[in-house]
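Structure record follows, encoded as structure tokens.
Every value quoted in this text rests on a predicted model; they were computed, and no experiment measured them.
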Amino acid sequence: MENFNLENCLTPKQVVEKLDSYIIGQEKAKKCVAVALRNRNRRLMLPEEIRDEVAPKNILMIGPTGVGKTEIARRLAKLAGSPFLKVEATKYTEVGYVGRDVESMVRDLMAVGFNLVKNEMKEQLKEQCAPIVEEKLLDLLLPGTNKKDDKKKSGDSPKFNVIGNIFGNDSPIQAGVISISKESPFLIKSDDSKTEEKPVEKTPEQLAKEEEDKKTNASTREKFRAMLREGKLEERTVEITVHNEVKSPGFEMLNSGNMEDFAEGISNLQNMLNGSGRTHRKTVTIKQAREILTQEQLENMVDKDKVSDEAKKRVEQSGIIFIDEIDKIAVKNSYSGQGVSREGVQRDILPIVEGCDVNTKWGVINTTHILFIGAGAFSIAAPSDLIPELQGRFPLRVELDSLHKDEFKRILTEPKNALIKQYEALLGTEGVTVNFDESAVDKMASFAEEVNSKTENIGARRLHTIMETVLEELSFDADSYKGQTITIDSEFVEKKLNGIVENQDLQRYIL
């Protein structure tokens, strides 16, 4: 990459610091993905002959659900600005079974990359697009006042010469040579007839009236332009023509093993052939019209070929595919029918991870340098139960730790998207101020640890159910507490949760 500069990229320490803002604990996993990201950036600085030989080191995350595997991968992709796709390994089946073919994950990643690049280009073109949209809005408010449109409607018609018999040399109808002059579209000459048709001349009064009308329209248009820029016309309604997007079916639908993909492709093909629903009239406010016209104008301004080329480059060089639940296709005994099917999925995934060419509607994508992150709890199967070839394609393995009381306390309060901050903001919209004191946070963390130890360990997701249980009644009657400040302490939490935790059938209440 000629213009790539390593100094503009985050260092591994900076990546870990960024991840710490959203994910508590799991230092090993954070360091592992941070180094993997840095190595990808380092590879782009290498000479071309060496660069292609350096393959990404795919990562296998091992740990129970709810400890941050998916969140680490998602945040990493966001930090790098890379196309990112999360897929479930269980929704794929080997060829011949009902389910999606594994190549669809690459097609989906390319679709993500295409939209990512297209949105970036739209942002760059917004400033250039604004004056055009403004003119279109003024045309809707004041039809017939646009000088440019008037010129287009009444302007010069095509100027050309017609030499010879216009009916053809073999036609029984013969006419002289006809010429349409370049100087005037109204002047027609004929060899048989010496008469000339001249344009009708307008009187000085008509010309003066037209000039006055133009000045009046221009003055009115400028007044409306000023009002439009000041936001005084935002709620005025206009009628516009909305262009419906008809998706092209794409030939890859024919190769898909999923009947839903095939049905959607056939439906899109029918719409495209029928031309149905392409446009319709719609009454909207100026504010809505601006958004619609801006999107339509940006769609026209964006170079789709340039977008697909850049997206293809990004997907191949920095794309990330997160394969969740990969342990569900690992089997100890592959001789049973289900075991054969799961092993078949592994063998179908293998060439994608190794590196192969996949056809998409944007071109052929090579998967050699896409980073694959596999994840699973591996509570029943072990990583060694994967086929050896697939194991070798995930050389970096990192175990994520189970969460305990201290981590739960930090998850509730420290991250930017902490649960307590979310619920305080939600109830704040009702005019209710909710304060959680330290004892309440400590008690909820203790309950989360206890319930996880007695039932299925679902990690930090347990906190969602506990928070909902604690605030259920308050959320239901929030309108009656408007303007009040509610303090949540340990007694409040115990009152809501004590009976539930003592109950033996815990799953009935909290997942």
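Residues E299 and K118 meet the side-chain proximity criterion, which asks for heavy atoms closer than 4.5 Å. K57 is not listed as a side-chain neighbour of F394, based on a closest heavy-atom distance of 4.5 Å or more.
Within the 3.5 Å criterion, the main-chain N or O of I370 finds no donor-acceptor partner in the side chain of T367. A donor-acceptor pair is defined here as one N or O able to donate and one able to accept, closer than 3.5 Å; no such pair exists between the side chain of R38 and the backbone of V15. A side-chain donor-acceptor contact under 3.5 Å links Q288 to the backbone of T285. The backbone N or O of I387 sits less than 3.5 Å from a side-chain atom of Q346, completing a donor-acceptor pair.
For the residue pair Q317/R40, the side-chain donor-acceptor check at 3.5 Å is not satisfied. Side-chain N/O atoms of R281 and T241 include a donor and acceptor closer than 3.5 Å. At a cut-off of 3.5 Å, with distance as the only test, a side-chain donor of R462 or N452 sits close to an acceptor on the other residue.
Annotation for E127: atom CD does not count as buried by contact number, only 12 or fewer foreign heavy atoms lying within 6.0 Å.
Qualifying salt bridge (charged side-chain N to carboxylate O under 4.0 Å, His left out) partners for D442, counting only residues two or more places apart in sequence or in other chains: K405, K409. Residues satisfying the side-chain hydrogen bond (donor to acceptor under 3.5 Å, both in side chains) test with E49, not counting sequence neighbours, are none. Listed by chain and residue number, R100 satisfy the salt bridge (charged side-chain N to carboxylate O under 4.0 Å, His left out) test with D108 (two or more places apart in sequence, or in another chain).
Classification of R225 and E135 as a salt-bridged pair holds, one side-chain N sitting under 4.0 Å from a carboxylate O. For R74 and E71, the salt-bridge test passes: some basic side-chain N is under 4.0 Å from an acidic carboxylate O.
Shown here for P64 and L400, the closest heavy-atom pair between the two residues is CD-O, 4.1 Å.
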